[in-house]
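Down below is the structure, laid out as structure tokens.
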Amino acid sequence: MTTPSREQLLTALEQERAALLDLLPRFSDERWREATRADGWSVHDVAMHIADATYGLALMALGELKPSLPLDDSGWIAVGDLNEQRRQRAAGFSREKVMARVSGGFDHARRAIEAADLDAPGPYGPVHTQRIWLSRIIDHAREHRAELEALLAGR
């Protein structure tokens, strides 16, 4: 496993931002709310989840938000019911607000990458370095973008 440099992280982050902000407008207003994954989440829900996760994880990496959730067996946050609670809270957000939140989440992630001591322990301590933590933000967005691309393609 290679360890990405700060520049590689920033490049990957900006590529994800651009790809996601290019993809989301391609969904019609109807499909934005009605097209769902197998678990019932709509494009709106997934986009808002990406925004929330990117923002929250970046704030933890910056030390501006204290980690409060337990870790699972792999050393990552055990989100449990939090994702569903956040989904319900954001259900009424307009498409414009979701798009603004997605962009803002990426702004905070960029700030975190620029500021981080990449080899320092992450927000939960030495189980993951800041570099790994920040890479996870990008990977998480990429994974959900792939789901959305498949949904748009009708797969």
Side-chain angles (χ1 to χ4, degrees), residues 1-24 32-33 36-149:
M1 179 175 163
T2 62
T3 55
S5 68
R6 187 179 317 276
E7 285 307 312
Q8 289 169 323
L9 288 169
L10 289 168
T11 298
L13 181 75
E14 291 307 321
Q15 288 172 341
E16 259 331 287
R17 176 202 301 257
L20 190 59
L21 293 177
D22 178 62
L23 174 67
L24 291 172
W32 180 259
R33 293 267 182 194
T36 59
R37 300 184 321 185
D39 62 2
W41 281 41
S42 67
V43 173
H44 172 277
D45 298 334
V46 174
M48 196 59 219
H49 170 69
I50 294 168
D52 275 349
T54 302
Y55 177 70
L57 296 173
L59 289 184
M60 280 191 268
L62 287 161
E64 296 174 11
L65 179 65
K66 296 281 186 215
S68 61
L69 296 171
L71 297 179
D72 63 19
D73 293 338
S74 68
W76 291 108
I77 298 173
V79 290
D81 295 330
L82 179 65
N83 285 342
E84 184 59 31
Q85 291 168 4
R86 305 260 327 146
R87 174 186 179 219
Q88 290 175 17
R89 188 181 74 66
F93 288 6
S94 70
R95 187 174 183 151
E96 293 75 23
K97 185 171 187 169
V98 172
M99 294 294 289
R101 293 270 179 110
V102 168
S103 185
F106 278 92
D107 289 342
H108 286 284
R110 178 174 191 71
R111 187 166 60 96
I113 292 169
E114 290 172 342
D117 173 353
L118 297 177
D119 296 318
Y124 280 87
V127 65
H128 297 295
T129 65
Q130 288 283 56
R131 182 186 319 272
I132 293 169
W133 189 262
L134 295 165
S135 294
R136 181 67 191 121
I137 293 172
I138 298 163
D139 292 343
H140 177 262
R142 184 179 297 125
E143 291 162 8
H144 285 301
R145 179 177 52 82
E147 292 174 350
L148 293 172
E149 288 172 341

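Quick caveat, the model's predicted, so the values are computed rather than measured.
- Atom CE of M60 is separated from atom CG of L62 by 11.0 Å, given to the nearest 0.5 angstrom.
- Judged as a side chain to side chain donor-acceptor pair (under 3.5 Å), the pairs with a partner in residues 98-108 (not counting sequence neighbours) are, in order, R17-S103, R17-D107, H108-R111.
- Two residues are said to be in side-chain contact when any heavy atoms from C-beta on lie closer than 4.5 Å; L9 and L118 meet this criterion.
- Partners of D72 under the salt bridge (Lys or Arg N to Asp or Glu O under 4.0 Å) rule, at least two apart in sequence or in another chain, do not exist in this structure.
- Here Q8 pairs with S5 under the side chain to side chain donor-acceptor pair (under 3.5 Å) rule; sequence neighbours left out.
- D22 meets the side chain to side chain donor-acceptor pair (under 3.5 Å) test with no other residue; sequence neighbours excluded.
- A search for side-chain contact (heavy atoms from CB on, under 4.5 Å) contacts involving D73 returns nothing, not counting sequence neighbours.
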**Request:** Check step by step if side chain to side chain contact (heavy atoms under 4.5 Å, CB included) holds for W32 and V98.
**Result:** CA-CA 11 Å; W32 180 259; V98 172; 3.9 Å; yes
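- Annotation: side chain of W41 is not in contact with side chain of E147 (no heavy-atom distance under 4.5 Å).
- For E96, there are no salt bridge (Lys or Arg N to Asp or Glu O under 4.0 Å) partners, not counting sequence neighbours.
- For the ring pair (Phe, Tyr, Trp, His ring centres under 6.0 Å) test, residues two or more places apart in sequence or in another chain that qualify with H128 are W76.
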**Request:** Might you work through the side chain to side chain contact (heavy atoms under 4.5 Å, CB included) test for R110 and E14, ending with a clear yes or no?
**Result:** CA-CA 8 Å; R110 178 174 191 71; E14 291 307 321; 3.3 Å; yes
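- Between L21 and F106 there is no side-chain heavy-atom pair separated by less than 4.5 Å.
- Residues in residues 44-56 take part in these salt bridge (Lys or Arg N to Asp or Glu O under 4.0 Å) pairs, two or more places apart or across chains: D45-R87, D52-R86.
- Identified under the salt bridge (Lys or Arg N to Asp or Glu O under 4.0 Å) test for residues 128-144, with sequence neighbours left out: E16-R142, D119-R131, R136-E143, D139-R142.
- For A120, the side-chain contact (heavy atoms from CB on, under 4.5 Å) partners are D117, Q130, not counting sequence neighbours.
- Considering only residues two or more places apart in sequence or on other chains, L69 meets the side-chain contact (heavy atoms from CB on, under 4.5 Å) condition with I77, L82, Y124.
- In this structure, I132 CD1 and I137 CD1 are separated by 13.0 Å, a value rounded to the nearest 0.5 Å.
- In this view, Q88 and E84 satisfy the side chain to side chain donor-acceptor pair (under 3.5 Å) rule, not counting sequence neighbours.
- When the shell of 6.0 Å around CG of D39 is examined, it contains more than 12 heavy atoms from other residues, nucleotides or ligands.
- Between the W133 side chain and the L57 main chain, a donor and an acceptor come within less than 3.5 Å of each other.
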